[in-house]
Every structure is written in C-alpha cells, then in structure tokens.
K.L.:
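Have a look at this one before I ask anything.
All values derive from a computational prediction rather than experimental measurement.
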Amino acid sequence: MADAVLAFMWATSQASRMCPVGRRVFIEHLEHYAKETDYPRLDVFVCTSDPYKEPPMCAVNTALSVMSYDYPTEKLSVYVSDDGGSKLTVFAFMEAARFAALWLPYCKKNKIVERCPEAYFRSNLSWFPETDQIKMMYENMRDRVEKAVQKGSICHDYIPNEGEGEAFSRWTDGFTPQNHPPVIQVLLESSKDKDNAGHTMPNLVYISRGKSATLPHHFKAGALNVLLRVSGTMTNAPVILTLDADMYSNDPQTPLRVLCYLLDPAMDPKLGYIQFPQLFHGINENDIYGGQLKLEFQIEASGMDGLVGSTYTGTGCFFRRGVFFGGPSKTPELNQDHLVNKSINSKEVLAMAHHVADCNFEKQTKWGTEIGFRYGSLVEDFYTGYMLHCKGWKSIFCNPKRPAFLGNSPINLHSTLNQLMRWSVGLLEVAFCRYSPITFGVKSINPLTGLCYAHYAFWPIWSIPITIYAFVPQLALLNCASIFPKASDPWFLLYIFLFLGAYGQECLEFMLAGETIQRWWNNQRMSTIRGLSSFLFGLVEYLLKFIGISTFGFNVTSKVIEEEQRKRYNQGIFEFGVPSPLFLPMTTAAVINLVSFLWGIVQVFKQRELEGLFTQMLLAGFAIVNCWPLYEAMVLRTDEGKMPVKITLISITLAWALYLASSIAF
C-alpha cells in the first residue's frame, strides 16, 4: 500500500517536470505599447482577520507598500477587508491614511525601492535629510496602534476630528465579529485627497462585510467575493491584485511587469492571471521548517507554467476582473464593463456598496460556484485557480530576480504544522469533489496539468507511506522479523535505487535552484514531519468530516512573534513548547526507531547475521539522523521551546503499546 501511494505521487510529480519555463520582462519597452494615461485601473485587495493574530501594523505596512507603487495614483485603489470586524483595524488604517501623505512623496522623490516602511527603516539602506522625521512619525503611528491593540480600546486623544469619531459609532454593544452589518469607510479618495507634495492620493477603503451567525460566510473566499462586489460598485478596475495582510510589496515596479504581459498583443487573450511566487523574509539561514516550500512555490510552479500556467496561491496574484464573471450580472453595477462615474464617497455608491456587502446578498445566486472566488474548500485559492484553468483560462508564473512580494513565515513548529493541516483538509476536499483533478481535470484541461493538480490535491496522502515506513519495518525489527529482500537479493538493489533516486532527484533540483545541501536536508526532514503530523491529522480530519463526525474551522495562522522564539529560530533550534497532539506521532516514531535500531545492533552481534535485517536497520538509522532535533528537544534541552514532558511520556507509552500489539501480530 505504501509503495503504491509512493508510485502514484512520484508519477504525478513528473508532470510538472516535462516543460518548465523561465520568463523575463523588459519594462523599458512598455512605453512602446502604452503611455501612463493608457494604463488600466488597478484594484488591490488586502485581506486581514484577527487583530491579535495578524497585527494591524502588518496589514498597514502591506497597504502602504502598494499605495506607493510606481503607478498613476488616480488609477490605483486599495481595499482592505477586515474579516474580524475590529475597530482597532479601522483605527490603524486611519492612522495609515495620514502617514501616507508623507510616505508616498518621500518614496517617489528619493526613488526608494523598499517601500514597506517597517522593512525600509529596518534595512537602513539609504538616508536622506527628511528620513529622521519620517521615521519618527512612523514610530509614533506604530506606538499608537500597538497601544490601542494592547488595551483593546482607542484613546479619544488619538481621534483628531468628529468625522473619524463617527466611524466608530457603528461598533455598538450588539456588534460581534460573527454577527454585524457591513461597515464601509472611505479613508482616502483620489479625486479629493492630496499628499504633502500636492499629488493625488490613491483610494483607500476599509471594508468589514456583513455577517450573521446563522449564515455561512465561506472564510477568505467569501471576503474576497465581497471585495470583488464592493470594488465593482466603486472603481471596477479591470485588473485586480490579491494580497494577504503580511505579504508586502518588495518592488514598486511590479504592476509594470504585469502590464508587460497584459498589454502584449502577442499574448494569449485567454490569459487570466499572473502569479508571483510566495517568498518570505526572516527565514533563518538553513530554513529549518522548510518554510519557503521551494518545490511547490517555485520549481513545480515553473513546470506548470510550461503547460497552461501555475496555480493561484492566494496572494501576490494579478487577475483580469473578467475571469470571475461567467456572464452579465443581475446587478448592473457588478458587470465587469460597468463604468463608475460618481464619487466613491457619494450616497448612491456607498448605499450600493453596503447592499452588495450584506450577508444576505449571495442567497440564490451563483457567487462561489460560477462567479467569483470558489467555495467548497478551505484552500479557496487552489480551488479557484484550478477551476479557472478548467474553464479555459491561462496563467503565467512571473519570478523576477528581485522578489515582488515578501511575507511572514511561521517561526515555530506548531504554527507551521497547524497551517499545513488546514491546507491538507482543503486539498482533500478538492481531490474528492465532483471536479477532482484526477478525473475532471485531466479531461477538461489536459492530462499533464490534470496530473499536476492531482499531485497537489492528493498531497496529504503522503502520510500513508510515511507513517507505514516509520513504524512497520521497525516493529518487525523489534520482533526479529525480516520483511524486505536480503542484501544479496537482486530485489534489494531496486529498493536502494528507488530510495537514492528519489532523494537524489530532489537534491539535484534544490541545487540547480540555487539552494544549499543543508536546506535540502531540512526540507526532506520536514517532509517526513509533515507526513507524521499535518498530513496524517488532516487526512483523519477530512475522513471524520466526510462521515459527519467532525468539522474543521478556519484558523488564522498567528503572525505575532515572541522575541525568545525568534532568537531560537535564528539559531536553527526547533520550537516545540506547547503540548500539541500534532507532536505525538513523530515523537512516538522517534522512540520506536531509536529502540529498534539499538535492538537490531544487539541481534547482529548475537546472531552474526546482518543481511536479513539490513534494510530495516538502514531505515531506522536514517530516521534517527532525521529525528535528532526531536531527541534533543525531548532529553537535552532546558529552554521553553523544548518538548513538553507530557508529550514525551505519552510517546513512550504509545511506543510500548505498539510494540505489545505488534508482538501479538507477529
């Protein structure tokens, strides 16, 4: 069973290796195709949720980085979706709107490349006469926002005028994150607001969609669809950029790179979106948690680009608005060709925006099925990109030398595994839906792309062979049972060839992509850890959900970073700390592999016979090397990030129970 799953996953992975593509654009040639006045309007969607898990300043930095794009400001609009419905977030963006009046002209006057304020002041690459003043104002803004979040309330001294104070009156006693009317606040309007240099400011709009405890809200996909509708009534730009709250712009010319594709007359008219890779700042030298996901986000993405294009990864993606609409809308203001000629702050526009943001708007409509971002999976990004490809749209993977966007990656193991567990449930929802890539996708797109999507959708079933190989050979070894061919048997060479070949191919791909051996080693270790935790729990959770026993909620990955955790992470030390059930399978496997290897050595000396047990001892020995951070955390460490004693004791008990059960079986 394990070998069959391994064969399936290897075969599907080869589809993305058949015709990889690398691309390059020449921005200096763009002027031959269009002047700035001809550039299409651009709507940017920034999604945030919980101000305590995703600090508002994180979203503020992302918004400021895109507001300062090298793009005509009168054609640029930034919409912030606050799915937590928090007045702390709207306060943070009121502060951001004031700071933007200084930040935008400063960046453009001095030709700053790093336009995320936090990243810019942290890097200290360039300094100008007004820099100290700008930095002081930024730090003052950050202090006010962080103090408000810490207190859970906003000091009246921080509200400079009655207009802003009225905005907070909507947060009444009955207002809760899961039950409230829509809130839409225009913070900047390009036709009226000017920066300190007298230049036009981009539009900045805060949105908290209406929610009801009795209606499904479809998590991030639902929030994005509200952004689609609200932006349609206000600006209706033909190009849309979606961003997570922590994924700031690292290159102010990114929209111009996109226009090189969208305005190229030789480009396929079915080009629907341009995806940039998810890259992260703050990753430690050897990427101990495999947070870059190099294979999935870059190597395999360029392989899919040679077919019909890479999948949508949820952030850093530019869309044509038209890809989300299957035809004319019953609401004229939501038609993709609708021309908005009124102020975004007018009563008529705001009334329509509130109407389409209401929780009842989608009743008896095709939103989420044929229109907009797709519902039905916790990985709405993957599912949406897949269904767009099934509809005949194409995409492009754009991977410039300077990263277009940089985000935060979890710096503790528990957050990493929790995030992957959520992905696992969502991927399996796609794998076993009526539009499964292995059946529908292969026919509706093409066989190779269908197999690429199948490889992603069935990603969590890696847990099956990893779990089997982590326990069964070792338990057999403890019972002195040989289950593999002897070292002298020709079939033994097949196992060695497959083992070395699979690992060798992955190592070669990492090296060709410019990574180090140490990063590859940590990535393959994390593949095993994922298989014994996130994927395993995700598979079980999906099966329970399928039979109606359990349901999985959407948990936002925390972006709050503790200083001590950051120090250990930078030193390359694994962070455990919390007594999570996710740790139990891997720690139990670590105990069994260590004991079985030592027992095997004893048997070799007793019986003078290694040939029959060699493969099992090789597997156990390989696992021991991979599990060194676990042994260190269970026994040697004394810091707060060590493995909780409770988890260690339960793991030893489980290992003993498995041994007793295997003794009966053998």
K.L.:
Are R321 and S231 packed together at the side-chain level, in the sense that at least one heavy-atom pair is separated by less than 4.5 angstrom?
P.N.:
yes

K.L.:
Quick check for you: to the nearest 0.5 Å, what is the distance between M387 atom CE and Y312 atom OH?
P.N.:
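So the gap between those two atoms works out to 16.0 Å.
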
K.L.:
How long is the gap from SG on C47 to CG on L243, to the nearest 0.5 Å?
P.N.:
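Separation between the atoms: 8.5 Å.
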
K.L.:
With heavy-atom distances below 4.5 Å as the criterion, would you say the side chains of T254 and F405 are in contact?
P.N.:
yes

K.L.:
Determine the sole option in V205, V44, V90, L204 for which the side-chain contact (heavy atoms from CB on, under 4.5 Å) test with V80 is passed.
P.N.:
L204

K.L.:
Identify the two heavy atoms, one from A92 and one from V60, that lie closest to each other, and give their separation to 0.1 Å.
P.N.:
O-CG2, 3.7 Å

K.L.:
If you round to the nearest 0.5 Å, how far is CG of L42 from CD1 of I240?
P.N.:
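So the CD1 of I240 and the CG of L42 are separated by 9.0 Å.
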
K.L.:
Report yes or no: do Q275 and T313 form a side-chain donor-acceptor pair below 3.5 Å?
P.N.:
yes

K.L.:
Treating R374 as the side-chain partner and E380 as the backbone partner, does any N or O pair qualify as donor plus acceptor under 3.5 Å?
P.N.:
no

K.L.:
Might you point out which heavy atoms bring S190 and N203 nearest each other, and give the distance in Å?
P.N.:
N-OD1, 2.8 Å

K.L.:
Should Y79 and M234 count as side-chain neighbours, where that means a heavy-atom distance under 4.5 Å?
P.N.:
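Yes; the side chains approach each other to less than 4.5 Å.
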
K.L.:
Any sub-3.5 Å donor-acceptor pair from T62's side-chain atoms to A245's backbone N or O?
P.N.:
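Flag set: sc T62 to bb A245 pair under 3.5 Å.
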
K.L.:
Is the number of heavy atoms from other residues, nucleotides or ligands under 6.0 Å of R402 CZ greater than 12?
P.N.:
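Counting other residues, nucleotides and ligands, CZ of R402 exceeds 12 neighbours.
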
K.L.:
Does the D70 side chain pair with the main chain of Q253, one donor and one acceptor, at a distance under 3.5 Å?
P.N.:
no

K.L.:
Identify whether the distance between the nearest side-chain nitrogen and carboxylate oxygen of D268 and K394 falls below 4.0 Å.
P.N.:
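K394 and D268: salt-bridged.
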
K.L.:
Does any non-hydrogen side-chain atom of S249 lie less than 4.5 Å from one of Y69?
P.N.:
yes

K.L.:
D195 side chain to H199 main-chain N or O, any donor-acceptor pair under 3.5 Å?
P.N.:
yes

K.L.:
Let me confirm one number: the CZ-CG distance from F168 to L88, rounded to the nearest 0.5 Å.
P.N.:
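Here the interatomic distance stands at 8.5 Å.
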
K.L.:
How many angstroms lie between atom CG of L293 and atom CG of L420, to the nearest 0.5 angstrom?
P.N.:
6.5 Å

K.L.:
Looking only at heavy atoms, which two atoms of P51 and S49 are closest? And how far apart?
P.N.:
CD-O, 3.6 Å

K.L.:
Looking only at side chains, do E95 and Y158 share a donor and an acceptor under 3.5 Å apart?
P.N.:
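Per modelled atom types, E95 and Y158 side chains form no pair under 3.5 Å.
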
K.L.:
Show the numbers, then the answer: is there a side chain to side chain contact (heavy atoms under 4.5 Å, CB included) between V183 and I207?
P.N.:
CA-CA 6 Å; V183 178; I207 301 166; over 6 Å; no

K.L.:
Under a 4.5 Å cut-off applied to non-hydrogen side-chain atoms, are H354 and F361 in contact?
P.N.:
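No, side chains not in contact.
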
K.L.:
Should the pair R115 and W103 be classed as cation-pi, given the thresholds of under 6.0 Å to the six-membered ring centre and 45° from the axis?
P.N.:
no

K.L.:
In plain terms, say whether R142 and E118 are close enough for a salt bridge, that is, a side-chain N and a carboxylate O under 4.0 Å apart.
P.N.:
yes

K.L.:
Taking the side chain as every heavy atom from C-beta outward, state whether F45 and V78 have any atom pair closer than 4.5 Å.
P.N.:
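Counting from C-beta outward, F45 and V78 never come under 4.5 Å.
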
K.L.:
Going by distance alone, is a donor N or O of one side chain under 3.5 Å from an acceptor N or O of the other, for E189 and S191?
P.N.:
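Their side chains do contain a donor-acceptor pair, which is all the 3.5 Å distance test asks for.
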
K.L.:
How about K270: does its NZ atom have over 12 heavy atoms from other parts shown lying under 6.0 Å from it?
P.N.:
yes

K.L.:
Report yes or no: does N61 contribute a side-chain atom to a donor-acceptor pair with the main-chain N or O of M57 at less than 3.5 Å?
P.N.:
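Yes; at least one donor-acceptor contact below 3.5 Å.
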
K.L.:
What heavy-atom pair brings I344 and V349 nearest, and what distance separates the two atoms?
P.N.:
O-CG1, 3.8 Å

K.L.:
Can K220 and D244 be counted as an ion pair, charged N to O under 4.0 angstrom?
P.N.:
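Result for this pair is yes, salt bridge flagged.
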
K.L.:
Is there a donor-acceptor pair closer than 3.5 Å between any side-chain N or O of R229 and the backbone N or O of V356?
P.N.:
yes

K.L.:
Any chance you could lay out the ring-ring contact (aromatic ring centres under 6.0 Å, His included) test for F318 and Y273, step after step, and finish with the verdict?
P.N.:
CA-CA 5 Å; F318 289 80; Y273 63 88; over 10 Å; no

K.L.:
Less than 4.0 Å between a side-chain N and a carboxylate O, is that true for D83 and K211?
P.N.:
yes

K.L.:
Checking Y106 against Y120: is there a side-chain donor and acceptor pair closer than 3.5 Å?
P.N.:
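Looking only at side-chain atoms, Y106 and Y120 do form a donor-acceptor pair, the distance falling under 3.5 Å.
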
K.L.:
With a 3.5 Å cut-off and no angle check, do the side chains of Y52 and S86 form a donor-acceptor pair?
P.N.:
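Side chains of Y52 and S86: no pair found under 3.5 Å.
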
K.L.:
Ignoring hydrogens and geometry, is there a side-chain-to-backbone donor-acceptor pair from R23 to I396 under 3.5 Å?
P.N.:
no

K.L.:
Compare all side-chain heavy atoms of E130 with those of K109 and state whether any distance is below 4.5 angstrom.
P.N.:
yes

K.L.:
Can you tell me how the ring of F382 sits relative to the ring of Y456, calling it parallel under 30°, perpendicular over 60° and tilted otherwise?
P.N.:
perpendicular

K.L.:
How about NE2 on H156, more than 12 heavy atoms from neighbouring residues, nucleotides or ligands closer than 6.0 Å, or not?
P.N.:
no

K.L.:
Looking at F373, is its backbone amide N or carbonyl O close enough to the side chain of N225 to form a donor-acceptor pair, meaning the two atoms are under 3.5 Å apart?
P.N.:
yes

K.L.:
Quick one: do the T48 and D82 side chains pair a donor with an acceptor below 3.5 Å?
P.N.:
no

K.L.:
Looking only at the side chains, is there a donor atom on one of Q278 and T315 sitting less than 3.5 Å from an acceptor on the other?
P.N.:
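Result is no, nothing qualifies.
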
K.L.:
Should the ring pair F121 and W127 be called parallel, tilted or perpendicular, given that the plane angle runs from 0 to 90° and is split at 30 and 60?
P.N.:
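Ring orientation of F121 relative to W127: perpendicular.
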
K.L.:
Do the side-chain N and O atoms of S395 and H389 include a donor-acceptor pair separated by under 3.5 angstrom?
P.N.:
yes

K.L.:
Evaluate the side chain to side chain contact (heavy atoms under 4.5 Å, CB included) criterion for residues I159 and I154: first the C-alpha distance (whole Å), next the side-chain angles of each, then the deciding distance (0.1 Å), finally the verdict.
P.N.:
CA-CA 8 Å; I159 303 173; I154 300 159; 4.2 Å; yes

K.L.:
One thing to verify: whether E114 and R122 come together as a salt bridge, which I'm taking to mean a side-chain N less than 4.0 angstrom from a carboxylate O.
P.N.:
no

K.L.:
Establish, from distance only, whether the side-chain atoms of R170 and Q185 form a donor-acceptor pair under 3.5 Å.
P.N.:
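Checked: R170/Q185 side chains pair up, N/O donor to acceptor below 3.5 Å.
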
K.L.:
Taking the six-membered ring for Trp, are the ring centroids of H281 and Y248 within less than 6.0 Å of each other?
P.N.:
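Centroid distance H281-Y248: below 6.0 Å, so yes.
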
K.L.:
Between atom CE of M247 and atom SG of C116, what is the distance when rounded to the nearest 0.5 Å?
P.N.:
12.0 Å

K.L.:
State, yes or no, whether a side-chain contact exists between I184 and L350 at a heavy-atom distance under 4.5 Å.
P.N.:
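SC-SC contact between I184 and L350 confirmed.
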
K.L.:
Side chains of Y289 and N412: is there a donor and an acceptor less than 3.5 Å apart?
P.N.:
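Side-chain D/A pair, Y289 to N412: absent.
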
K.L.:
Tell me the closest heavy-atom pair linking P72 and Y39, and the distance in Å.
P.N.:
CD-CD1, 3.7 Å

K.L.:
I'd like to know if the side chain of D246 reaches the main chain of N408, judged simply by a donor and an acceptor atom lying under 3.5 Å from each other, with no hydrogens or angles considered.
P.N.:
yes

K.L.:
How about D381 and T384: does a side-chain donor come under 3.5 Å of a side-chain acceptor?
P.N.:
no

K.L.:
Classify the ring geometry of H29 against H32: parallel below 30°, tilted from 30° to 60°, perpendicular beyond 60°.
P.N.:
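Plane angle between 30° and 60°, so tilted.
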
K.L.:
For M67 versus L104, what's the shortest heavy-atom pair and its separation?
P.N.:
O-CD2, 3.5 Å

K.L.:
Should the ring pair F319 and F324 be called parallel, tilted or perpendicular, given that the plane angle runs from 0 to 90° and is split at 30 and 60?
P.N.:
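Rings of F319 and F324: tilted, 30 to 60°.
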
K.L.:
Would you please test L30 and V25 for side chain to side chain contact (heavy atoms under 4.5 Å, CB included) and show each step?
P.N.:
CA-CA 9 Å; L30 184 60; V25 300; over 6 Å; no

K.L.:
Quick check: does any side chain N or O of S415 sit under 3.5 Å from a backbone N or O of P410, one acting as donor and the other as acceptor?
P.N.:
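No.
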
K.L.:
What do you reckon, is CD of Q150 surrounded by more than 12 foreign heavy atoms closer than 6.0 Å?
P.N.:
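Counting other residues, nucleotides and ligands, CD of Q150 stays at 12 neighbours or fewer.
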
